Amino acid sequence: MAVSAVRIASIIGITSELDHVINLCGKSGYFHPEDALSFYSDTRNFTPIADSDPYLTPLQSLKDVVTAAGEHLDLVEDSESDLSHEQLIDYANSFSNEMEALIDKRLLLDQALDNDAKSVVEISHFLGLNLDLKKIFACKYIKVRFGRLPRESYDKLEAYGDNPYVLFFQCTSDKTHYWGVYFAPIEYVSEVDRIFSSLYFERLRISAVDSTPEERLQVLQKQIKTHQAQRAEIERQIHSLWEKNREQCQKVYTHLEELHTYFGIRRHAARYNNNFIVSGWIPAEYEKEFARQLDSVEGIEYSIEDAKDAHKHEPPVKLKNKKPFKAFEFFVDMYGLPKYGEVDPTPFVAVTYILLFGIMFGDLGQGILLSIIGALMWRLKKMKLGKALIPCGISSAFFGLVFGSVFGFEDALNPLYKFLFNLDEKPIHVLAPNTTVLILCATLGVGVALVMIAMLINIYSCFKRKRYGAALFGSNGICGLVFYASLVIGGVGMLLLHWSMNIFYVLGLLALPLLLILLKEPLGGLIERDPDWKPESWGGYLVQNIFELIFETVLSYLTNTLSFLRVGAFVLVHAGMMMMVFILAEMVGGVGYVIILMIGNIFVMGIEGLLVGIQTLRLEFYEMFSRFFEGGGRPFQPVSVKKE
C-alpha cells in the first residue's frame, strides 16, 4: 500500500534559457508543473509569464486541413527535425494554405454538384410537358407557376370549376403529392395564387431553364459528369499533396504538438527581473536523472527537495501498485485519491472486493463466463471494469466449487467431491436451514475481521502521518479497536460459551476505551503539543461528544458489522434465483427446458452481477473506507504529449 514519493524541483535562470528548461521538463515525461508564485510569500517583484502560444494556430490549422482532406495525423517516435521553431511554423502554414486552397475548390465543386442534383430532381417532376420553357417564361401577359399539390387538395379543384383560370396540369405524382403547373393571366394571377395557396400548393422556382424539360435534363446530366471529373482531379491533387508531404507532416505535427504542450508550463512559471522561476513535482526515482539533465543547461540554478519540506503545499499523488492490484485503482479513483502520505487502499480493495464478490456470486460456470466477458471487455474495449472482472470471476468460480453450483446445477460436482474427498454429495447445501444460519454467521465473522483490519490500517496511517491523537484515541484508533474487539469477543462468549463479563472486563475493555474516545480531542492536542488543546466550554464539549459517541461511534460499529449480513444474503439469493429458474424450466419441459435455463442464467448473471458489484462497492466505501481513508488527494499529472 504505497503512494509514490515525489520531490519538488525549483529552477531559476536567465530568461533566454526558459524555452530550453521548459522543453527539458516536458520531454522528461514526469514533470508535474506547480504555480511558481505559490512558493513565495512576497511576490511584489514577480510577474506571471503570459506570453501567447505561437504554436497553437499553425498546429490547429495543420490538424484541420489534414482532417478535412480525409487523412489522419499520428505522433511519430522519431520527430527530430533540422527545422528551427520558426521554420516548423512556416512549413505548417505553407502546407495548410496549399491544402486549404484545394479543399476550397473541392467544396465549391461539392456545392455545384449539390445544386445540379437539386435541379435534376426539380426538372424531373415536369418531364413530358413538351413546352419550350424559355418562351413560357418570356410571356408578358401570362404567369406560370411550377410546384406540387397535396392529393387531397387536388380533388378540391372541382369546386372551382366556374373559374376558367384555376386549372392544374399534372405531370408526375408520388404517394402524397401531384407535381405540375398552372397558368394565369397577369391581371388574375393574384387571385389564382391565393386560391392555390389555400389548397397548400408549394411553389417550386425553376431556374436557368431555356429549353424543354427533357433538354434541360440532358444539359444537367452532362454538367454533373463535368463537375464529377473536376472533383476527382481535385481529390487526386489532394491525395498527391498529402502523400508527398506525409512523412514530413507527421514529424512537424509531432514537434509542434510537443512545443505546444511544453509551452503550457510557462503558465505556471514566473518572471523576476531578467530571470525566470519554474517549479514542479517529479517522482523520487527520477531525481538523479532529472538533476543530471539540468546540469547540462548553462545559466540556471536548481534545488530538489523532499515533498514534506514543501510547506503549505499538497503534493500530487501517484499510485504505485503491483500489476495484480492496478485494475482496482479504478475503484479508488471513484472514491478519491489518497492524500500524500496517506495509505493507498488499492491492495486492500483488490483483495476484499475479489473475496466478497466471489462469496456473493458463487457459481463455477457463471464465474468462468464472467471472467471471459471481463477479458473481452478489456481486450476489445480497454474497459477498466473488464480488467477487474477477471479476478472477480475467478473468485466466483472458486466459491462455486465450495458451494457446489455450476450454472445453477447443485449436484453437478458430486463426482468431483467423491473423487477428491470420498463424499457422496457436496458438503455445503446453501438452502438447508442449518447451513443458512451458518453462512450468515460466517459472513458476520468476515465483516468483523475486515472492520478490524480497516482499523489497523487507520492506526498505521495515523502514526505514519504523525496524527498521534487519532491513532491512539480515535474511534478507529487503538481505543476504538480495543472496544470493538472486546465487545465482539464478549458478545460471542456470552452467546456461545455462556461467559459473563465481569466488572473488570467492562470497565477496563469497554468503559475506559469509550471514555478515551470521548476525550480524544483534548488528549490528542496534549500529545501533539497543541497550545489550544482545551475546548472553549467543557460542558458544551461533553454534551456534544457524548451524543456523537452514542449515536455515531457506537451505533456505527453495530451497523457496519450488520451490513455484512448482505454478503450471506446474496449467497442465498443466488441459490434461490437459480432454483426458480429450474422450476420454470421443468414446467415448460422439452426444448423449452434448455432455452429457459440459458435465458435464466443470462438473466441471473446480469441482474445479480450488477447488484453484487454495487453492494460490494458499498461495503468497501461505507463499512471499510470510512474507517481509514480520507481521500481528497490530487492526481500526479506530468506534462506529456499523448496520442489522441
Side-chain angles (χ1 to χ4, degrees), residues 327-328 330-331 334 349 352-378 380-381 383-413 428-432 435-436 439-440 442-443 446-447 562-589 591-623:
F328 291 87
F330 167 69
F331 295 117
M334 290 173 60
V349 171
T352 55
Y353 194 97
I354 292 170
L355 173 68
L356 296 175
F357 190 99
I359 294 173
M360 289 192 275
F361 197 80
D363 188 289
L364 177 60
Q366 292 179 3
I368 294 172
L369 190 57
L370 189 67
S371 289
I372 295 172
I373 293 171
L376 292 175
M377 289 169 64
W378 171 248
L380 301 179
K381 298 294 184 179
M383 297 175 66
K384 295 180 180 178
L385 181 60
K387 201 172 183 180
L389 281 178
I390 298 173
C392 288
I394 295 172
S395 176
S396 299
F398 171 78
F399 281 100
L401 283 172
V402 174
F403 298 143
S405 178
V406 184
F407 291 115
F409 290 94
E410 297 296 326
D411 300 321
L413 297 178
I428 300 177
H429 293 271
V430 172
L431 295 179
T435 306
T436 299
I439 288 173
L440 293 176
T443 54
V446 170
L562 292 178
S563 286
F564 284 89
L565 282 173
R566 71 186 72 231
V567 177
F570 268 96
V571 175
L572 305 177
V573 167
H574 177 82
M577 291 178 70
M578 290 310 304
M579 184 175 67
M580 290 300 301
V581 170
F582 275 89
I583 291 173
L584 291 174
E586 290 170 358
M587 291 174 61
V588 175
V591 178
Y593 180 88
V594 178
I595 296 174
I596 294 295
L597 284 184
M598 292 176 62
I599 295 175
N601 270 278
I602 293 172
F603 176 79
V604 170
M605 280 188 65
I607 294 296
E608 193 177 358
L610 178 64
L611 292 177
V612 167
I614 292 173
Q615 292 302 324
T616 307
L617 200 60
R618 185 195 180 283
L619 289 172
E620 295 285 350
F621 285 173
Y622 293 100
E623 272 60 65

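As the structure is a prediction and not an experimental result, all values here were calculated from the model. When reading the values below, keep in mind they use all heavy atoms of this one structure, side chains included, and skip hydrogens, waters and symmetry mates.
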Spacing of [X] atom [atom1] and [Y] atom [atom2] [to the nearest 0.5 Å]:
| X | Y | atom1 | atom2 | result |
| --- | --- | --- | --- | --- |
| Leu584 | Tyr593 | CG | OH | 11.5 Å |
| Met577 | Leu572 | CE | CG | 13.0 Å |
| Ile354 | Ile390 | CD1 | CD1 | 10.5 Å |

Between [X] and [Y], which heavy-atom pair has the shortest distance, and what is it?
| X | Y | result |
| --- | --- | --- |
| Leu369 | Met605 | CD2-SD, 3.6 Å |
| Gly609 | Phe357 | O-CE1, 4.1 Å |
| Leu413 | Gly404 | CD1-CA, 3.8 Å |
| Met360 | Arg566 | SD-O, 4.0 Å |
| Gly374 | Leu389 | CA-CB, 3.9 Å |
| Val430 | Ala575 | CG1-CB, 4.0 Å |

**Report entry** Criterion side chain to side chain contact (heavy atoms under 4.5 Å, CB included) on Arg618 and Glu623, from CA distance to verdict
**Finding:** CA-CA 8 Å; Arg618 185 195 180 283; Glu623 272 60 65; 2.9 Å; yes
Heavy-atom side-chain proximity of [X] to [Y] below 4.5 angstrom:
| X | Y | result |
| --- | --- | --- |
| Val581 | Val604 | yes |
| Tyr353 | Leu619 | no |
| Met334 | Phe330 | yes |
| Phe361 | Cys392 | no |
| Phe407 | Leu597 | no |

Requested in this report: Sequence neighbours left out, what passes side chain to side chain donor-acceptor pair (under 3.5 Å) with Thr352? Give chain and number order.
Outcome: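 For Thr352 the side chain to side chain donor-acceptor pair (under 3.5 Å) partners, ignoring immediate neighbours, are Glu620.
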Query raised in the report: Can you name the salt bridge (Lys or Arg N to Asp or Glu O under 4.0 Å) partners of Glu608, sequence neighbours left out?
Result: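 Partners of Glu608 under the salt bridge (Lys or Arg N to Asp or Glu O under 4.0 Å) test: none.
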When you measure from the side chain of [X] to the backbone N and O of [Y], does any donor-acceptor pair fall under 3.5 Å?
| X | Y | result |
| --- | --- | --- |
| Thr616 | Val612 | yes |
| Ser371 | Ile394 | yes |
| Thr443 | Ile439 | yes |

Query raised in the report: Crowded around Lys384 NZ? As in, over 12 foreign heavy atoms under 6.0 Å?
Result: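 No.
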Requested in this report: Show your reasoning for whether side chain to side chain contact (heavy atoms under 4.5 Å, CB included) applies to Ser405 and Gln366.
Outcome: CA-CA 9 Å; Ser405 178; Gln366 292 179 3; over 6 Å; no
**Report entry** Close aromatic pair by centroid cut-off 6.0 Å: Phe582 and Phe409
**Finding:**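 Phe582 vs Phe409: aromatic centres under 6.0 Å.
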Query raised in the report: Between Met578 and Asn601, does a side chain to side chain contact (heavy atoms under 4.5 Å, CB included) hold up when you go through it step by step?
Result: CA-CA 8 Å; Met578 290 310 304; Asn601 270 278; 3.5 Å; yes
Query raised in the report: Step by step, would you call Leu385 with Phe331 a side chain to side chain contact (heavy atoms under 4.5 Å, CB included)?
Result: CA-CA 9 Å; Leu385 181 60; Phe331 295 117; 4.3 Å; yes
Report task. Have a look at Phe399 and tell me which of Asp363, Ile359, Leu364 forms a side chain to side chain contact (heavy atoms under 4.5 Å, CB included) with it. Result ->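 So, applying the side chain to side chain contact (heavy atoms under 4.5 Å, CB included) to Phe399 and each of Asp363, Ile359, Leu364, only Ile359 qualifies.
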